[in-house]
4 protein chains.
Amino acid sequence: MAIRRMPVAGMRPESKGRGARMARRQARFTAQDLADDPRLRDHSPELWRPELGEVQRRLLSSAVRCFAANGFHATTTRDIAEGVGLSPAALYVHFPSKELVLYEIIRVGHERVLAHVQDPSIVGSGSSADRLRAIVAAYTVWHARHHVTARVCQMELNGLTAEHYAEIVEVRHRTNAYFRGAVARGVADGTFAQVDVERITRAMLSLSIDLVRWYRLDGADSPEQLGDFYADLALRLVTGPRD
Amino acid sequence: MAIRRMPVAGMRPESKGRGARMARRQARFTAQDLADDPRLRDHSPELWRPELGEVQRRLLSSAVRCFAANGFHATTTRDIAEGVGLSPAALYVHFPSKELVLYEIIRVGHERVLAHVQDPSIVGSGSSADRLRAIVAAYTVWHARHHVTARVCQMELNGLTAEHYAEIVEVRHRTNAYFRGAVARGVADGTFAQVDVERITRAMLSLSIDLVRWYRLDGADSPEQLGDFYADLALRLVTGPRD
Amino acid sequence: MAIRRMPVAGMRPESKGRGARMARRQARFTAQDLADDPRLRDHSPELWRPELGEVQRRLLSSAVRCFAANGFHATTTRDIAEGVGLSPAALYVHFPSKELVLYEIIRVGHERVLAHVQDPSIVGSGSSADRLRAIVAAYTVWHARHHVTARVCQMELNGLTAEHYAEIVEVRHRTNAYFRGAVARGVADGTFAQVDVERITRAMLSLSIDLVRWYRLDGADSPEQLGDFYADLALRLVTGPRD
Amino acid sequence: MAIRRMPVAGMRPESKGRGARMARRQARFTAQDLADDPRLRDHSPELWRPELGEVQRRLLSSAVRCFAANGFHATTTRDIAEGVGLSPAALYVHFPSKELVLYEIIRVGHERVLAHVQDPSIVGSGSSADRLRAIVAAYTVWHARHHVTARVCQMELNGLTAEHYAEIVEVRHRTNAYFRGAVARGVADGTFAQVDVERITRAMLSLSIDLVRWYRLDGADSPEQLGDFYADLALRLVTGPRD
DNA sequence: GATGAATGAGTCTTCATTCAT
DNA sequence: CATGAATGAAGACTCATTCAT
């Protein structure tokens with residue numbers, strides 16, 4: 001359950017470094033390292049907006065891997081471009097800046113999660129308990145299935161400009177409010193115990209958010225299994241203290 | 001429950017920057033900004049090793065604020081030094097490199113948590129339930145009381161060299177194993193339900209780790225209150241599904 | 001009488017730039033800005049060699065405006081091409097390089113001035129005074145009528161390659177010698193005072209050359225009026241000090 | 001009287017280029033080339049503000065030579081720094097940006113000229129004619145003595161930001177108004193003919209400004225000789241047409 | 001002809017780090 | 001101890017130019 005730097009432990013990136021200059025440089029993973037890393041498999045290719053071009057979508061996927069493994073600030077435009085076999089300058093043919101690559105990733109990520117948990121075909125129209133189950137499961141499944149992208153969405157927010165950051169925070173507020181509403185409804189209609197809605201909602205979100213630190217598609221749990229498990233836990237959390 | 005960039009929202013850091021050049025730069029918070037930010041209050045000064053000098057400890061506290069607010073890579077040695085009223089070169093009188101400042105913070109942080117949750121006077125020698133309660137509460141209290149430092153410990157691991165990273169991972173493994181043991185004991189002795197130890201332990205840790213993203217000392221909950229709350233939740237998680 | 005950056009003062013070019021990245025960039029005027037600027041009206045379209053195609057001539061006119069407003073080095077091939085509604089690559093269909101666009105402008109400009117001041121129908125065959133009058137007026141009129149092009153001819157010489165620069169210098173030498181001859185003749189035949197021919201010639205040329213810095217077609221003087229005025233001044237300069 | 005690229009004609013900068021990559025690059029003069037060029041001798045070292053440090057003043061002198069020879073945009077920060085034997089990064093220890101180096105040069109230059117022509121010990125309190133003589137001579141002497149700096153002041157204005165440009169324009173307006181006043185006074189008191197004050201003032205300024213294109217300290221005229229000569233011409237210009 | 005995509009070679013600027021004082 | 005000055009090594013981004021379509 002360790003927090004790990006995502007690429008394969010034991011593989012030392014500096015072993016492939018760009019020469020002596022790397023010596024003093026922070027060890028980092030190159031696009032080469034990342035391309036084949038099983039820990040960085042996720043389903044991001046299906047995420048990107050279809051109106052973007054092929055190269056743009058591949059650049060986004062490369063950037064997601066780089067940002068997830070090394071962080072936004074430790075990722076160079078060269079890293080991103082090399083992940084697609086292009087020169088650094090090519091990035092600027094498709095995106096106006098490195099920050100806008102990050103913004104596109106984070107914005108789309110946040111919009112997709114929100115849409116996913118609000119999807120009527122998923123949420124259904126059942127009881128408060130069923131509804132909460134569905135929401136938590138959907139949220140968890142999304143984060144697990146797209147865990148590499150989700151990691152960037154959760155951990156690289158400080159690479160955004162102030163303006164873009166504010167926009168993302170707004171989406172997060174809406175998502176959080178949606179969760180809080182689901183909990184509050186169950187409390188109001190007596191399905192759940194008289195829990196502290198704010199604190200309980202926070203805890204539920206924490207569970208799913210934190211999985212971006214450790215989840216792997218090739219691990220023990222499929223996204224759906226983990227979703228079920230966390231949905232169970234969520235229900236247990238809104239069950240008041242046993243008497 | 002939003003994730004926030006830690007310093008006060010709405011305060012535009014570049015307004016105090018080093019001149020026009022800052023305009024184009026990624027918005028960042030300077031030591032000045034950070035010194036007075038209520039969100040960055042934590043109890044880090046009591047953390048540092050007593051054998052360190054006064055200036056070293058103040059540099060560590062400054063670095064913690066900078067790393068928490070802007071991230072390791074976006075923090076300059078000037079940022080850290082200015083937080084103590086020194087020049088960048090002075091940092092090197094007290095630490096051999098910026099990375100070693102981070103390492104000192106993260107290492108001490110991890111050791112302190114581990115020591116804290118293992119502290120016999122805290123854990124006691126009660127039942128499996130009492131023991132788990134105490135451990136979760138202690139872990140949570142530590143993360144809340146030192147949430148700024150804890151944020152660095154959780155989120156800036158990729159600023160470490162490979163060697164230092166490996167050392168930290170080792171400590172984390174021991175901490176996680178300690179938790180897992182407490183859960184496993186309760187399951188073994190029948191105090192808890194037959195839960196999936198691995199998954200449940202992970203969930204419990206997630207709750208406390210994730211609080212570094214949003215906790216503030218001037219918020220609604222004191223560290224102890226949050227510790228109690230999360231200890232309650234932990235117990236509820238090891239209670240099997242009610243039937 | 002100020003030297004001005006040619007486009008309308010107060011118009012902030014970056015407001016129309018290529019996005020946020022322009023902010024940090026040296027303020028420049030885009031082809032859009034320049035197209036409608038009354039200060040950049042001149043008669044360049046009639047200048048270009050008729051054997052050039054329509055698109056080539058329009059590219060030259062666009063380039064003249066860009067070079068005059070921003071300077072050769074601060075003008076991109078994109079700027080030039082956009083002034084004609086084409087992509088940067090299209091420039092290379094019509095010219096082999098950006099430098100050759102500049103060279104074509106400057107060479108044609110210099111040849112045209114020389115031809116103009118030597119035009120027998122203008123210079124006539126009158127007295128030394130009439131001849132000098134005519135030459136100065138013609139030189140001035142040309143620079144005023146084509147002041148945007150002339151500005152490029154006078155101020156962007158250092159954008160040329162060494163070879164092209166040398167060719168242009170040669171034409172300038174001939175032009176200057178032609179002026180010097182007209183002054184010398186009047187001195188020799190007693191029409192003018194015993195002035196220092198070299199210094200006086202330089203002064204006369206300075207007057208007409210410097211107008212490229214401030215002249216506008218929509219200003220107080222028409223090219224012909226200014227030509228008359230400077231011709232008067234020239235005669236006054238070759239009149240020795242009155243006693 | 002040719003306009004020349006300032007460094008020694010015949011010396012081809014690319015002969016010392018940085019290798020094959022220079023082939024396609026615009027030929028430029030390096031700091032090495034410029035250091036010993038007799039055409040680039042001027043008196044700039046005495047110009048810089050005394051509160052600046054030694055290194056800052058030497059950087060300004062180096063920058064002046066580079067900007068004069070190659071233009072602001074074709075000058076790299078490396079060029080400037082190498083002229084003082086420093087690395088490119090050292091420039092930023094002393095100036096916050098390349099543009100601010102230019103601004104310092106141009107601002108000081110403009111302030112110095114204005115102060116010089118307004119210096120009571122130079123202008124005296126004589127007749128309108130004496131006064132105009134003194135002003136024109138002082139203006140000319142300044143431009144000749146500091147012709148390399150003056151060239152930058154006159155020809156590199158478009159390297160300034162919009163804000164700095166506006167400040168400089170304001171100083172120029174004051175200088176021009178001062179000249180205009182001197183002419184207008186002589187016209188008003190009957191010392192001069194009823195000349196067109198605006199046009200005549202412009203012509204007088206043109207003479208002195210244009211000398212930055214061709215003047216050399218090792219040429220035929222000393223600054224004072226040229227000042228006398230242009231003062232004579234100026235008086236001849238304000239003498240009405242002979243009857 | 002025209003252009004979208006691509007890139008080699010730079011350019012300004014930053015920054016961790018060193019060192020003489 | 002502290003620092004001002006200096007720098008090697010990057011890094012984001014630009015741009016003239018090429019080329020397949």
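By convention in this document, chain letters (A, B, ...) are assigned in the order of the sequence lines, proteins followed by strands, and residues within each chain are numbered from 1. FYI, side chains are in, hydrogens and waters are out, and symmetry mates aren't considered; it's all heavy atoms of this structure.
In this structure, the nucleotide among F/dA6, F/dT18, E/dT13 sitting nearest to the side chain of D/Lys98 is E/dT13. Nearest nucleotide to the A/Val93 side chain, out of E/dT13, E/dA6, F/dA2: E/dA6. For A/Ser97, counting side-chain heavy atoms from C-beta on, the closest listed nucleotide (E/dA2, F/dC13, F/dT17) is F/dC13. Closest contact between the side chain of D/His94 and the listed nucleotides E/dA6, F/dA2, F/dA6 involves F/dA6. In this structure, the nucleotide among E/dT13, F/dT18, F/dT3 sitting nearest to the side chain of C/Ala89 is F/dT18. Of the candidates F/dG8, F/dA16, E/dA2, F/dA16 carries the atom nearest the C/Thr76 side chain, counting heavy atoms from C-beta on. Distance from the side chain of B/Thr77 is smallest for E/dA16 among the nucleotides E/dG4, F/dA2, E/dA16.
We find that CG of C/Leu100 is positioned 13 Å from C1' of F/dT17, with the value rounded to whole Å. Between the CG atom of B/Asp79 and the C1' atom of E/dA16 there is a distance of 12 Å, rounded to whole Å. Taking atom CG on A/Leu102 and atom C1' on F/dA12, their separation rounds to 15 Å, with Å as the unit. Between D/Glu54 atom CD and F/dG4 atom P the separation is 19 Å, expressed in whole Å. Atom CG in D/Asn70 sits roughly 11 Å away from atom P in E/dT11 (whole-Å rounding). The OH atom of A/Tyr92 sits 13 Å away from the P atom of F/dC15 (whole-angstrom rounding). Atom CZ of C/Phe95 and atom P of E/dA2 are 12 Å apart (whole Å). Summarising the geometry, the separation between NE2 on D/His73 and P on E/dG10 is reported as 19 Å, rounded to the nearest angstrom.
The residue among B/Leu86 and C/Pro96 whose nearest nucleotide of DNA chain F is located toward the 5' end is B/Leu86. Nearer the 5' end of DNA chain E, as judged by each residue's closest nucleotide, is the contact made by C/Gly85, out of C/Gly85 and D/Pro88. Nearest-nucleotide mapping onto DNA chain F: of B/Ser87 and A/Thr75, the residue sitting toward the 5' end is B/Ser87.
Looking at heavy atoms from C-beta onward, B/Pro88 lies out of side-chain contact with B/Thr76 at the 4.5 angstrom threshold. Counting heavy atoms from C-beta outward, B/Val55 and B/Leu86 have side chains that approach closer than 4.5 Å. Annotation: side chain of B/Met155 is not in contact with side chain of B/Phe67 (no heavy-atom distance under 4.5 Å). The shortest distance between side-chain heavy atoms of A/Tyr103 and A/Leu100 falls below 4.5 Å.
Take A/Glu156 and apply the salt bridge (Lys or Arg N to Asp or Glu O under 4.0 Å) test, not counting sequence neighbours, and it matches no residue.
Residue contacts for A/Leu91: at a heavy-atom cut-off of 4.0 Å it reaches no nucleic acid atom on any strand shown.
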Checklist entry - What would the secondary structure line of DNA chain E be in dot-bracket form, counting Watson-Crick and G-U wobble pairs under 3.5 Å, with [ ] for pairs that cross earlier ones and | for pairs with another strand? => result .||||||||||||||||||||

Next on the checklist: Applying side chain to side chain contact (heavy atoms under 4.5 Å, CB included) to C/His73 and C/Asn158, what does each step give before you reach the verdict?
Outcome noted: CA-CA 9 Å; C/His73 285 110; C/Asn158 71 3; 4.2 Å; yes

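In terms of heavy-atom proximity, C/Arg65 sits nearest to C/Gly83 at NH2-O, 4.4 Å.
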Sequence neighbours left out, cut at 3.5 Å: what donor-acceptor pairs do the side chains of residues 56-63 of chain C make with other protein atoms?
from: C/Gln56; atom 1: OE1; to: C/Gly53; atom 2: N; distance (Å): 2.9
from: C/Gln56; atom 1: NE2; to: C/His94; atom 2: O; distance (Å): 3.0
from: C/Arg57; atom 1: NH1; to: C/Leu52; atom 2: O; distance (Å): 2.7
from: C/Ser61; atom 1: OG; to: C/Trp48; atom 2: NE1; distance (Å): 3.0
from: C/Ser61; atom 1: OG; to: C/Arg57; atom 2: O; distance (Å): 3.4
from: C/Ser62; atom 1: OG; to: C/Ile80; atom 2: O; distance (Å): 2.8

